[in-house]
Amino acid sequence: MNYCVVGLQWGDEGKGKVVDILAEHSDIVVRYGGGANAGHTVIVGDSRFALHLLPSGSVRPDTICVISNGVVVDPDVLIKGINTLAEKDISLDGRLLISENAHVVLDYHKQEDQLREESLAKNKLGTTIRGIGPCYADKVGRSYTVRMGDLRDTEALEAKLQTIVAYKNKIFAALYNAESIGADEIFEKCKIYAAKLLPFTIDTTEFLHKSIAGGKSILFEGAQGSLLDLDHGTFPFVTSSNSTSLGMPAGCGVPAKFVDKFIGVIKAYTTRVGAGPFPAEQDNETGQYIRDKGNEYGTTTGRPRRCGWFDAVAVAYGVTIGGIDEVALMHLDTLSGLEELKICKAYKINGEETTFFPANEARLSLAKPVYETVPGWSEDLTEVNDFQDLPVDAQNYVRRIEELIGKPITFVGVGPKRSQTIFRQ
Ligand code: GDP
Ligand code: IMO
Ligand code: MG
């Protein structure tokens, strides 16, 4: 079976945990989009890993890990990730493959991200400052880019960096009055990246198709969440890649028809980091309760996540445009202790009710959630292994969400560990 796992909300749904579980039955795990803006948590025994670029299968010693064309690779973060695993005696030698066509995030991308956000002041997007937008913009612009394969030819790379850095310096000085950056320093760093990462760098598209022909099972690991998709999310408060499942074929060169199941990951409530509309947000005691109980602080930036009620309109949209077959619902345990829960089942926009998510900032910011209230439960769920052993109100909550989003919930998370997962099929 080939699976694709994608977030259906605004990221941080628990994709890392779901991929880690499914990776037990997969030969290969592929990250196909985004970059080090992602932070995927995987817990193995007493060790907690926050993976930013390495696929979440990397903690399993026999899993082949692919970083394909659509990812923007920050070599500093990737090398750090490789070293962190090595410290835990997890080696990636011979099983990490990086696309030669993946674009490289360099220091000037991170600087540009920061300068732009600062200059936007109160209108900033709230990016992760990982250089994601600037790197993807350079990719689309085509003229000033470095791809992983470019690290092979040192002489050509040095000349390329001189041109790019001169161009960036003009922009940084004109727009932000910023100090110049040096091409030589970046070139020296690139030589270190080349020495460390070129042994892993290949044509991953060829590798993936040969693997498919050889009957290997592949797990495609989405980053971010569907509502952060550049084309289909809450633009401009999105990331710079296609973070719905629609980004998978383009990001790795494997047609979607090779995927047997698209699995959407959701939380039992909603969170968002960064700016942008969030109709079911609870900027109050309830939101704080969820933040504290669910430890809702960013895996990449440490920022407190905005928290709110479960939004079925938003999730149903992710299900629809992503062709989702089944859903993994995480963090059911976090809702224990709330007397009543609300589920947003429709929006009212200018007095009209809709259940189709408007991926348009002007209309979405007018959306007033229409809630239904359901009973909560007080029991701790973190030791429950069987769906039938959950409190009836927790079971009913899951079933009601299934009804509203129109897809079966096959995994239920009751804690961060692998073992704290209820399988329903
Ligand atoms: P990702 O970006 O989608 O991989 O998610 P993150 O790793 O950024 O954030 C999810 C957080 O929730 C991590 O700290 C996980 O360890 C944790 N987590 C995942 N599933 C569950 C769950 O079912 N219950 C609880 N309490 N925590 C969970
Ligand atoms: P994972 O894979 C949550 C958000 C940022 C910001 C917007 C744009 O861990 O779910 P960017 O740095 O991409 O230009 O920021 O997107 N964002 C995420 N939010 N989880 C993520 O990844 C995110 N990746 C980007 O907070 O609002
Ligand atoms: Mg995350």
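Whatever order the structure lists them in is the order used to number ligands and atoms, beginning at 1. Since the structure is predicted, the reported quantities are computational estimates derived from the model, not experimental observations.
One option in Val238, Val265, Thr128 has a heavy atom closer to atom 8 (C) of ligand 2 than any other, and that option is Val238. Nearest to atom 24 (N) of ligand 1 by heavy-atom distance, out of Leu51, Ile422, Thr271, Asp333, is Asp333.
Asp292 CG: more than 12 foreign heavy atoms inside a 6.0 Å radius.
Here Arg418 does not pair with Glu24 in a salt bridge; the nearest charged N to carboxylate O distance is not below 4.0 Å. Ion pairing between a basic and an acidic side chain is recognised when a charged N comes within 4.0 Å of a carboxylate O; Glu402 and Arg399 show no such pairing. Ionic pairing of Glu112 and Arg116 is present here: one or more N-O contacts between side-chain nitrogen and carboxylate oxygen are shorter than 4.0 angstrom. Using a cutoff of 4.0 Å between basic side-chain nitrogens and carboxylate oxygens, Asp333 and Lys293 are not scored as salt-bridged. At a threshold of 4.0 Å, the pair Arg305-Asp12 counts as salt-bridged, since one of the basic side-chain nitrogens sits closer than that to a carboxylate oxygen.
A donor-acceptor contact under 3.5 angstrom links the side chains of Asp138 and His109, judged on distance only. Side chain to side chain, Glu326 and Thr410 meet the donor-acceptor criterion of an N or O pair below 3.5 Å. For the residue pair Asp311 and Thr270, no side-chain donor N or O sits within less than 3.5 Å of a side-chain acceptor on the partner.
Close approach of ligand 1 to Arg48 (heavy-atom distance below 4.0 Å) involves ligand atoms 14 (O), 16 (O). Remark: ligand 1 atoms within the under-4.0 Å shell around heavy atoms of His40 are 1 (P), 2 (O), 4 (O), 7 (O). Shown in contact with Thr41 at under 4.0 Å from a heavy atom are these atoms of ligand 1, numbered in order with element: 4 (O), 6 (P), 7 (O), 13 (C), 14 (O), 15 (C), 16 (O). Against a heavy-atom cut-off of under 4.0 Å, Gly274 is close to the following atoms of ligand 2: 27 (O). Close contacts of ligand 2 with Ala223, meaning ligand atoms under 4.0 Å from a residue heavy atom, involve 2 (O). Short contacts between ligand 2 and Trp10, defined as distances under 4.0 Å to a heavy atom of the residue, involve ligand atoms 3 (C), 19 (N). Annotation for ligand 2: atoms under 4.0 Å from non-hydrogen atoms of Lys15 are 1 (P), 2 (O), 10 (O). Close contacts of ligand 1 with Gly413, meaning ligand atoms under 4.0 Å from a residue heavy atom, involve 23 (O). Using a 4.0 Å cut-off to heavy atoms of Ala38, the atoms of ligand 2 that qualify are 1 (P), 2 (O), 9 (O), 22 (O). Close contacts of ligand 2 with Thr239, meaning ligand atoms under 4.0 Å from a residue heavy atom, involve 11 (P), 13 (O). Here is the list of ligand 2 atoms found below 4.0 Å of a heavy atom in Gly126: 5 (C), 6 (C), 26 (O), 27 (O). Interface atoms of ligand 1 facing Val414, defined by a heavy-atom separation under 4.0 Å, are 23 (O).
Using a 4.0 Å cut-off between heavy atoms, Asp113 makes no contact with ligand 2 at all. With a heavy-atom cut-off of 4.0 Å, Gln420 does not touch ligand 1 at all. At a 4.0 Å heavy-atom cut-off, ligand 2 touches His40 through the side chain alone.
Under a 4.0 angstrom heavy-atom cut-off, Arg305 registers as being in contact with ligand 1. Residue Arg130 places no heavy atom under 4.0 Å from ligand 2. In this structure, Arg303 has a heavy atom closer than 4.0 Å to ligand 2. Distances shorter than 4.0 angstrom occur between a heavy atom of Gly415 and an atom of ligand 1. Residue contact annotation: Gly39 has a non-hydrogen atom under 4.0 Å from ligand 2. Note on ligand 1: Gly294 sits outside its first shell, no heavy atom being nearer than 4.0 Å.
In this structure, Leu381 and Ile422 have side chains that are not in contact, with every pair of non-hydrogen atoms separated by 4.5 Å or more. Using a 4.5 Å heavy-atom cutoff, the side chains of Tyr136 and Leu230 are not in contact.
Between Phe357 and Tyr317, the angle of the ring planes lies from 30° to 60°, which puts this pair in the tilted group. Taking the six-membered ring where the residue is Trp, Tyr167 and Tyr144 present parallel rings, their angle staying beneath 30° rather than reaching 60°.
Nearest protein heavy-atom neighbour of atom 4 (C) of ligand 2: Leu228 CD1, 3.9 Å.
None of Arg303, Lys267, Arg272 except one satisfies the salt bridge (charged side-chain N to carboxylate O under 4.0 Å, His left out) rule with Glu296; the exception is Lys267.
In terms of N/O distances under 3.5 Å, ligand 1 is approached by Gly14. Looking at Gly16 next to ligand 1, an N or O pair under 3.5 Å apart turns up.
For a distance threshold of 2.8 Å, the protein N, O or S atoms nearer than that to the Mg ion (ligand 3), listed by chain and number, are Asp12 OD1, Gly39 O.
Both tests pass for Lys342 against the ring of Tyr371: distance under 6.0 Å to the centre and angle within 45° of the axis.
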